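The structure presented is a predicted model; accordingly, all values stated were derived computationally and were not measured. FYI, side chains are in, hydrogens and waters are out, and symmetry mates aren't considered; it's all heavy atoms of this structure.
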Amino acid sequence: MSSDAKPLLTKLLTHAGVPQDSSVPWGIQVHNDAVWNRVLNQHNLGLGESYMDGWWDCDAIDEMFTRVLTSDLEGQIRPSPQLVFMAVKSMISNSQTMQRARKNAAHHYNIGNDLYTKMLDKRMIYSCGYWKDADNLDAAQEAKLDLICRKLGLEPGMTLLDIGCGWGAFLEFATQRYGVTAVGISPAAEQVKIASQRCADLPVEIRQADYREVRGSFDRIVSIGMMEHVGPKNFKRFFKACDELLAPDGMMLHHTIGSNSTTQHGDAFMDKYIFPGGVIPSLSQLSKSSQSRFVIEDVQNFGPDYDRTLMAWHENIENAWDDLPNYDERFRRMWRYYLLSCAGGFRARSLSLWQLVFRREGRFPRYDAPR
């Protein structure tokens, strides 16, 4: 172990308000001193993997991360060669080609519907809820679906395309409540299976497809938790596809996690274990990629609602763990680290949740976004 790793990192953690071997829930208990060198060399990947391996524990990982991110602890550590390599690789390769996108989606969304059934709300919605007037996860997710429908101005008879439709919850809601006819696409076979069953008696067509394969014209386009999987190298191609698919007087909404900084690569831990190829976009990336095709009519940020959503998912998983025999303890620790570290990111406001409404340039009525 580097003789510098432990004193450097413990000093930074103390400055961030994260003590060792303390009774406070956000303090850490180290079981293997090799963790310090591993974190210094690999940053969040080393921190996450060492937690999975049982090298350290923390009763409130979410609050620990909030404190670490608020104090910009990682910014005070030099990037490791591995992280530099990852950044360079992302500049010269496209991790979200059509073939890779299918594999990336399968890695996360095909791991088992039993896990998601226990974790998510009754509609199986795997994106941020809207907690403005909600007091439970089911209500927050339904409020989010209705907010999107109202922002899009859905009316009976309209045609709707849902890019990355998940398990079909929004399609079911929009067709039943607002009378639209819809097409939903997802590259993940397990999602397509359930979405097809859920929407079997509705005016909905579910396709296992990539957005680059879709043809047709739609009055409205929506993506909910999809933009994070598009990849910076594909943003312009994504908006070009939307331009080709959206009716001349159409409107679209993209619901996405957002980053305060522009980057070409994702977090190393998330890329390896959770969302391969995923990159959280910045507003400047989305604005630049869509310009000359679309006008951004509205941006709403309710990032703190994702903190609350993630904590509800974590509670659901912990309460249901005995009913999930197909996952071992290492997976459980990985999943816990994923959910709680993300909650800390939103709590520290280093991550945002945006809903962006787009229309084309031209003479259109004033747009006032519902809230």
Side-chain angles (χ1 to χ4, degrees), residues 94-106 109 148-149 151-175 178-256 277 281 286 289-297 356-362 364:
N94 184 353
S95 60
Q96 284 291 350
T97 62
M98 200 178 304
Q99 183 177 11
R100 287 183 180 179
R102 291 193 181 97
K103 291 181 180 179
N104 293 343
Y109 297 107
I148 293 173
C149 291
K151 285 183 176 180
L152 286 171
L154 294 186
E155 296 178 358
M158 283 184 173
T159 54
L160 168 73
L161 172 65
D162 185 347
I163 301 174
C165 66
W167 292 280
F170 179 74
L171 294 168
E172 180 185 45
F173 185 91
T175 53
Y178 287 85
V180 300
T181 299
V183 171
I185 63 168
S186 170
E190 288 298 311
Q191 289 190 329
V192 168
K193 178 182 176 181
I194 288 185
S196 298
Q197 294 170 351
R198 163 180 265 158
C199 299
D201 297 324
L202 298 170
V204 174
E205 179 185 356
I206 304 293
R207 305 174 189 170
Q208 186 173 352
D210 184 273
Y211 66 88
R212 288 161 282 206
E213 300 174 295
V214 182
R215 301 293 180 269
S217 178
F218 300 88
D219 298 312
R220 299 290 188 266
I221 294 176
V222 68
S223 74
I224 305 171
M226 163 67 187
M227 194 67 71
E228 305 91 327
H229 304 290
V230 171
K233 289 187 177 295
N234 302 319
F235 285 150
K236 287 189 176 181
R237 178 65 185 88
F238 179 83
F239 284 109
K240 181 176 184 290
C242 290
D243 192 19
E244 293 168 351
L245 294 165
L246 190 64
D249 60 348
M251 188 184 304
M252 64 182 183
L253 181 148
H254 300 295
H255 170 115
T256 180
L286 298 179
S289 300
S290 62
Q291 69 184 17
S292 78
R293 296 184 186 277
F294 297 104
V295 174
I296 299 177
E297 293 281 14
L356 299 95
V357 178
F358 296 81
R359 283 196 296 194
R360 290 197 177 87
E361 295 181 354
F364 294 107

### Message
Applying ring pair (Phe, Tyr, Trp, His ring centres under 6.0 Å), can you list everything that pairs with Phe358, at least two apart in sequence or on another chain?
### Response
Phe239, His254

## Note on the structure
Hits for ring pair (Phe, Tyr, Trp, His ring centres under 6.0 Å) against Phe218, two or more places apart or cross-chain, chain-then-number order -> none

Contact check, side chains of [X] and [Y], non-hydrogen atoms, under 4.5 Å:
X	Y	value
Met226	Val230	yes
Leu160	Tyr178	no
Leu246	Phe294	yes

Spell out, as yes or no, whether a donor-acceptor pair under 3.5 Å connects the side chain of [X] to the backbone of [Y].
X	Y	value
Thr175	Glu172	yes
Thr159	Asp219	yes
Arg220	Leu154	no
Gln197	Ala195	no

Return the [atom1] to [atom2] distance between [X] and [Y], rounded to the nearest 0.5 Å.
X	Y	atom1	atom2	value
Ile163	Met227	CD1	CE	8.0 Å
Lys151	Glu297	NZ	CD	12.5 Å
Cys165	Ile194	SG	CD1	11.5 Å
Ile148	Ile224	CD1	CD1	3.5 Å
Trp167	Lys193	CH2	NZ	13.5 Å
Cys199	Leu171	SG	CG	5.0 Å

### Query
Where do Leu286 and Thr256 land on the side-chain contact (heavy atoms from CB on, under 4.5 Å) test, with the steps shown first?
CA-CA 11 Å; Leu286 298 179; Thr256 180; 4.2 Å; yes

### Given Arg237, Lys236, Arg359, Arg360, the one that forms salt bridge (Lys or Arg N to Asp or Glu O under 4.0 Å) with Asp243
Arg360

### Message
Once you measure the plane-to-plane angle for Tyr211 and Phe238, does it fall in the parallel (<30°), tilted (30-60°) or perpendicular (>60°) bin?
### Response
perpendicular

### Query
For Ile206 and Ser196, which heavy atoms make the closest approach, and how far apart are they?
CB-OG, 3.5 Å

### Message
So, applying side chain to side chain donor-acceptor pair (under 3.5 Å) with Asp210, which one of Gln208, Arg207, Arg212 is it?
### Response
Arg212

